[in-house]
2 protein chains.
Amino acid sequence: MKLSQASDYAFRAVLYLAKQGVGNRVDAQTISEVENIPKRFLLKTFRKLAQTDIIESYRGKYGGYALAKDPADVTLLDVVEAVEGPIEVNRCLVEPEACNKQGADTCRIHHALYDVRETITDKLKEYTFAKLLAE
Amino acid sequence: MKLSQASDYAFRAVLYLAKQGVGNRVDAQTISEVENIPKRFLLKTFRKLAQTDIIESYRGKYGGYALAKDPADVTLLDVVEAVEGPIEVNRCLVEPEACNKQGADTCRIHHALYDVRETITDKLKEYTFAKLLAE
DNA sequence: TTTAAATTATACTGGATTAGTATACTTATG
DNA sequence: CATAAGTATACTAATCCAGTATAATTTAAA
């Protein structure tokens, strides 16, 4: 049970942008070098963050990326969901037809895993980038 | 971020054995049918649970499997770890050399993810099979 | 002592996912 | 209009996942 490498890179890259302040743009090359992230991979990951309005992208010469929101309004969960989709924990939580006992109501394991998922998302929500900057 | 299907099957199969009571053996065929789990896959998964002493296996005619411990002493975490290994969250938590900033001490993301991992394992520990049976 | 019914050991397979790379294109600035 | 940035799309090698196959071993009972 693991987050993807893309999420990890995204955490570090967004934290880097947060350090620069909202709206201050930096190009991918620089972030890639400073944070030690493969550049093309970072570009691909950044596109997802831009599509979900966590960061803004600027094309053309002197283009780059900048944090789009107040760091207090961006959490680790926002980044994970943007990069790798929702936290699933178990396929029966997402595809009811995959639940071998169907009844979400009657399956005790299902209940427990639902609780686990909520615990994970709550914890990831606790970590805003404002908090990460402040530490 | 997901648990494997094998873990899910294992949860349901162990709960089934817990229902039978400690030491009461049932054969894989039966469990496979009742819980709707591919038999060969279940056999493979059960071997891991037997190796970690969560269940006992009995070979030969009238063989089968039985819970090896008090259900109060078996948790979802025990089963997950037996079946798919430790909860990792992030590769930098496991392989320090993969941490692009090295310093676990100085990396804020690292700290946060460590906290996330602990939260997950604590929650999975909360669910003993005694508790799951009681609900 | 043979037979049947069970687990064990090992290995294979197809498909999906992951991590990363490549190529061609578009956009903005000076 | 040249240059330096991001965008779109697609490719690839490696790994993991879910499930299957085959042969061997063990045990109980007839």
Side-chain angles (χ1 to χ4, degrees), chain A residues 1-13 17 24-33 35-52 54-66 68 80 83-86 88-92 94-95 98 100, chain B residues 1-13 17 24-33 35-52 54-66 68 80 83-86 88-92 94-95 98 100:
Chain A
M1 191 185 211
K2 229 187 312 193
L3 294 170
S4 69
Q5 191 56 29
S7 287
D8 184 57
Y9 288 154
F11 292 157
R12 297 169 203 278
L17 290 179
N24 276 328
R25 66 175 80 166
V26 186
D27 65 297
Q29 182 66 37
T30 303
I31 301 170
S32 155
E33 283 166 11
E35 294 294 326
N36 195 24
I37 301 169
K39 185 182 165 192
R40 300 223 170 248
F41 197 78
L42 178 63
L43 287 167
K44 192 165 61 170
T45 304
F46 264 180
R47 231 163 307 131
K48 293 178 185 163
L49 294 172
Q51 279 159 7
T52 48
I54 292 170
I55 65 176
E56 284 166 335
S57 71
Y58 302 91
R59 305 178 68 164
K61 205 171 178 179
Y62 306 106
Y65 300 90
V80 170
V83 168
E84 61 180 280
E88 298 190 9
V89 177
N90 189 286
R91 80 179 179 197
C92 82
V94 184
E95 318 157 46
N100 60 356
Chain B
M1 189 183 216
K2 229 189 308 195
L3 294 170
S4 70
Q5 191 56 28
S7 288
D8 185 58
Y9 288 154
F11 292 156
R12 296 169 204 278
L17 290 179
N24 276 328
R25 66 175 80 165
V26 186
D27 66 295
Q29 181 66 40
T30 303
I31 301 170
S32 155
E33 283 167 10
E35 294 294 326
N36 194 24
I37 300 169
K39 185 183 167 192
R40 298 216 171 255
F41 197 79
L42 179 63
L43 287 168
K44 192 165 60 170
T45 304
F46 264 179
R47 230 165 307 132
K48 294 179 184 164
L49 293 171
Q51 278 159 8
T52 49
I54 291 170
I55 65 175
E56 285 166 334
S57 70
Y58 301 92
R59 303 178 68 165
K61 202 168 179 181
Y62 304 106
Y65 299 90
V80 170
V83 168
E84 60 179 280
E88 298 191 8
V89 177
N90 190 284
R91 79 178 178 196
C92 80
V94 184
E95 316 157 48
N100 61 355

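Small disclaimer: the values here were computed from a predicted structure and weren't measured. We name chains A, B, ... by the order of the sequence lines, and we start the count at 1 in each one.
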Can you pull every protein N or O that's under 3.5 Å from an N or O on nucleotides 13-16 of chain D?
none

Polar atom pairs (N or O), protein with nucleotides 23-26 of chain D, under 3.5 Å:
from   : atom 1 : to      : atom 2 : distance (Å)
D:dT25 : O2     : B:Arg59 : NH2    : 2.9
D:dT26 : O2     : B:Gly60 : N      : 3.3

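Partners of A:Asn24 by side-chain hydrogen bond (donor to acceptor under 3.5 Å, both in side chains), not counting sequence neighbours: none found. Take B:Phe41 and apply the side chain to side chain contact (heavy atoms under 4.5 Å, CB included) test, not counting sequence neighbours, and it matches B:Ala6, B:Tyr9, B:Pro38, B:Lys44, B:Thr45.
Between A:Gln29 and A:Lys39, the closest side-chain pair of non-hydrogen atoms falls below 4.5 Å. In this structure, the side chains of A:Gln5 and A:Asp8 come closer than 4.5 Å at one or more pairs of heavy atoms. Using a 4.5 Å heavy-atom cutoff, the side chains of B:Met1 and B:Val89 are in contact. A 4.5 Å side-chain heavy-atom check between A:Phe11 and A:Val80 finds at least one atom pair inside the cut-off.
Using a 4.0 Å cut-off, no side-chain N or O of B:Tyr62 falls inside it from OP1 or OP2 of D:dA30. Dashed line: the shortest gap from a side-chain N or O of B:Tyr9 to OP1 or OP2 of D:dG19 is under 4.0 Å.
Between the side chain of A:Glu56 and the main chain of A:Ala66, no donor-acceptor pair closer than 3.5 Å is present. In this structure, B:Ser57 contributes its side chain and B:Ala50 its backbone to no donor-acceptor pair below 3.5 Å. Counting only distance, with no hydrogens or angles, the side chain of A:Arg25 and the backbone of A:Tyr62 share a donor-acceptor pair below 3.5 Å. Between the A:Glu84 side chain and the A:Ser4 main chain, a donor and an acceptor come within less than 3.5 Å of each other.
The CZ atom of B:Arg12 sits 10.0 Å away from the CG atom of B:Asn36 when rounded to the nearest 0.5 Å. Atom CD1 of B:Ile37 is separated from atom CG of B:Leu42 by 5.0 Å, given to the nearest 0.5 angstrom.
On the nucleic acid side, DNA chain C has its first and last nucleotide under 4.0 Å of a heavy atom of chain A at C:dA19 to C:dG30, going 5' to 3'.
Contact annotation for A:Phe41: base contact, defined as any heavy-atom pair under 4.0 Å involving a base atom.
The distance from atom CE of A:Met1 to atom P of D:dC17 is 12 Å, rounded to the nearest whole Å.
For the pairing with A:Phe46, the side-chain contact (heavy atoms from CB on, under 4.5 Å) check across A:Ile54, A:Val83, A:Leu17 returns one residue only, A:Leu17.
Looking at which nucleotide of DNA chain C each of B:Gln29 and A:Arg25 is closest to, the 5′-most match is held by B:Gln29.
Interface residues of residues 44-52 of chain A facing DNA chain D, ordered by number: A:Arg47; criterion, heavy-atom separation under 4.0 Å.
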